[in-house]
Amino acid sequence: MIKLICTAMIMICAALLITSCSHFANTHKNHGESVTDRIYAYANKTYGKQLSLTPDEVRQLAWVNDNPIATPEMATKDTSHALHVEIKRALTRLYCLQLLKEGSETSYQYFIAPQIGKKNVPLLNKKSFNSLSSLIQALNPTAFETLKTAAIISAVTLSPLAKKRAQEVLKIKLPSDSMQFLATTAPVADKIYPLAQQLIKRYPAAEKDLETVFMPNSHFRHMMYNEGSFSMYSTMLAGIANRHIDKNTLNLWYAHWVINIAGFSGQVDPTGSLYLDQNTYNAMSTLKSIFDSLVQGASLNPMNAYLKKRAEWLGLSNLTQDENLQIALAGLGASLRLFTPAEGKALFEGVNALDNTVRKQWLVFAQAQLAVQSYPAETYLPAVFANTKKKVGLTESISIILPLYVSVLIAEKEMRAEKPVRLQPNTPVSFRQLAENKSIDMLIAAKRNTYSIKINPTDGIAVIIPAAPLKNDNR
């Protein structure tokens, strides 16, 4: 009797175990399908038949949905459709790439649709669109498919699965910066990203093309917004000097950044390019023309040439004859996305209103930017400026952020000089957390109070620590 009871209990437990395992497997399967299904549903609702996605592209893109990191510019969180903002940016990039490939009048209207009716947004004109379209249309099939794959891989950088696979392959300490991560993994992309493996299997030359688009220390948006020192240009200049970078290589690298920039605000409006307006195009094309000249054999300092052009846009020569100050102001104006003489005047007045000590310290750091630094550029500072300017305007944002910037750079300099070194030479200081809405509100509230700066030595992320409870703090 006891034996029969025990046998029955064992059978019941086995049945329960099988049911439990089956439920877990189905739950896991459904969870995996739910991410891809949501991507398909979102893409279908947003683009209909205008954008086709392969199952492999969607599966690769699904990696990003577990990623806690998103660029904190323009929008820090988007929970609609339960999709990560980088998925929406990636889909917008693919859509914009397709529109530029088509290059028709209808494609142009779709491309600029998000810009129409936006205050202070100069519409990308048809001539500029045609120029970008010609760039994309001139690419060979390998290069074009590389751009599609790169748009998706750019979204999954630093995702848990990407980091896990990269660690298994490279067995090194991986960068915490998204672009450095892409540059580090590009030479072995086919061993980490399934989509890259398929691309290279079909187009072997794409292996080199992926390394080109993810070229190390060559962040085009950082150059546009003067987010770093002359080191930003070092890899590009070395490649041009040793003839590893020619006209075709440069065009592919630039085309990748055109698509990256076109979809940068895709989480805000994915129905075209909100971000790539005429001002943005002017900055991009100015830099590209400087690089074209270098490839053709010209001898010039690209950073200085670019900032001189931005100083010209801002009319700074009408405000000061000090050329060093003009370049420093132009660099700050680039970070603030300023383009007009009226904005140049407001910038000049805002800097002049700063405390004399802060202004002198800023000028010293601005001059140091023009030289090669032995450590990576600080990241996300333009996002701090942009998000603060949206809340309090240009003049007040200067009074809030420049003192913060100086304080962070002083703290960084001290940490890099310490023995033993607390902040590793390859770790950039990041303003990412300071660019978030919560931090911006804290900075605005604390602007007349003292606060200290703390930089995490592991990942370089800077935070502020208020000296006293902030006003309106209800905790």
Side-chain angles (χ1 to χ4, degrees), residues 63-64 67-73 86 89-90 146 149-193 196 207-239 244-245 253 256-257 260-261 264 369 372-383 408 412 415-416 421-435 455-462:
W63 282 21
V64 76
N67 188 4
I69 297 174
T71 307
E73 185 168 2
E86 297 299 343
R89 286 175 174 150
T146 297
T149 298
I152 293 174
I153 290 177
S154 295
V156 307
T157 179
L158 296 180
S159 64
L161 190 49
K163 289 194 290 187
K164 179 178 181 293
R165 291 203 175 187
Q167 186 61 57
E168 292 170 352
V169 172
L170 295 168
K171 299 180 177 9
I172 60 173
K173 182 181 179 182
L174 297 169
S176 57
D177 176 77
S178 60
M179 295 309 301
Q180 288 187 16
F181 184 91
L182 288 169
T184 300
T185 59
V188 290
D190 60 328
K191 296 178 177 64
I192 298 172
Y193 311 103
E207 183 174 11
K208 179 67 175 176
D209 284 353
L210 282 173
E211 292 188 54
T212 295
V213 299
F214 296 135
M215 197 185 309
N217 304 316
S218 302
H219 196 305
F220 192 74
R221 283 203 320 271
H222 286 187
M223 297 174 188
M224 283 173 59
Y225 303 137
N226 202 45
E227 193 175 353
S229 72
F230 189 75
S231 303
M232 295 184 289
Y233 299 85
S234 296
T235 300
M236 180 65 70
L237 291 175
H244 288 166
I245 296 176
W253 173 79
H256 163 69
W257 281 105
N260 180 285
I261 290 167
F264 195 58
Q369 268 191 294
V372 173
Q373 294 178 341
S374 59
Y375 48 87
E378 298 79 20
T379 60
Y380 293 104
L381 178 64
V408 171
E412 176 187 9
M415 288 182 71
R416 294 197 187 279
V421 175
R422 291 181 60 212
L423 189 61
Q424 294 302 313
N426 63 342
T427 300
V429 167
S430 173
F431 285 79
R432 187 177 72 214
Q433 189 166 325
L434 293 172
I455 299 174
N456 187 319
T458 301
D459 56 20
I461 293 178

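We're numbering straight along the sequence, starting at 1. Values below: every heavy atom of this structure, side chains too, minus hydrogens, waters and symmetry copies. This structure is a prediction, so every number in the text was calculated from the model and none was measured.
Between K173 atom NZ and T184 atom OG1 the span is 12.5 Å, to the nearest 0.5 Å. We find the CG-CZ distance between D177 and R432 to be 9.0 Å, quoted to the nearest 0.5 Å. Separating the CZ atom in F230 from the CD atom in Q369 is a distance of 12.5 Å, to the nearest 0.5 Å. To the nearest 0.5 Å, atoms OG1 (T146) and NZ (K208) are separated by 12.5 Å. How far CG of N456 is from OG of S430: 10.5 Å, rounded to the nearest 0.5 Å. Interatomic distance, I261 CD1 to F220 CZ, rounded to the nearest 0.5 Å: 5.5 Å.
Counting all heavy atoms, side chain and backbone alike, V421 lies closest to R416 at CG2-O, 4.4 Å. Contact detail for P425 and P376: the closest heavy-atom pair is O-CD, 2.8 Å. Considering all non-hydrogen atoms of both residues, A150 and V213 come closest at CB-CG2, 4.1 Å. Listed here is the closest heavy atom pair of L210 and A189: CD1-CB, 4.0 Å.
Counting only distance, with no hydrogens or angles, the side chain of T235 and the backbone of P216 share a donor-acceptor pair below 3.5 Å. Checking side-chain atoms of S231 against main-chain N and O of Q373 turns up a donor-acceptor pair under 3.5 Å. Checked by atom type and distance alone, the side chain of T185 pairs as donor or acceptor with a backbone atom of L182 at under 3.5 Å. E227 contributes a side-chain N or O that, together with a main-chain N or O of Y380, makes up a donor-acceptor pair within less than 3.5 Å. A donor-acceptor pair under 3.5 Å is formed between the side chain of T157 and the backbone N or O of S178. Within the 3.5 Å criterion, the main-chain N or O of L423 finds no donor-acceptor partner in the side chain of T427.
Side chains of S229 and V372 form no contact here, defined as non-hydrogen atoms less than 4.5 Å apart. Within the 4.5 Å cutoff, the side chain of L174 has no heavy atoms near those of the Q180 side chain. Two residues are said to be in side-chain contact when any heavy atoms from C-beta on lie closer than 4.5 Å; P175 and N426 fail this criterion. S159 has its side chain within reach of V156: a pair of non-hydrogen atoms, C-beta onward, lies under 4.5 Å apart. Taking the side chain as every heavy atom from C-beta outward, F431 and T379 never approach each other to under 4.5 Å. Side-chain contact check for M232 versus H219: every heavy-atom pair is 4.5 Å or farther apart.
Ring centers of H256 and F214: under 6.0 Å apart, within the cut-off.
Shown are K164, R165, K163; of these, the side chain to side chain contact (heavy atoms under 4.5 Å, CB included) with I192 is made only by R165.
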* **From CA spacing to verdict: side chain to side chain contact (heavy atoms under 4.5 Å, CB included), I245, M215** => CA-CA 11 Å; I245 296 176; M215 197 185 309; 3.9 Å; yes
* Verify side chain to side chain donor-acceptor pair (under 3.5 Å) between T149 and Y193, making sure each step is shown before the conclusion. => CA-CA 10 Å; T149 298; Y193 311 103; over 6 Å; no
* **Worked check of side chain to side chain donor-acceptor pair (under 3.5 Å) between R221 and N260** => CA-CA 9 Å; R221 283 203 320 271; N260 180 285; 2.5 Å; yes
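Below 30°, between 30° and 60°, or above 60°: for W257 and W253 the angle between ring planes is above 60°, a perpendicular geometry.
R89 has a carboxylate O that lies under 4.0 Å from a charged side-chain N of E86, or vice versa, which qualifies the two as a salt bridge.
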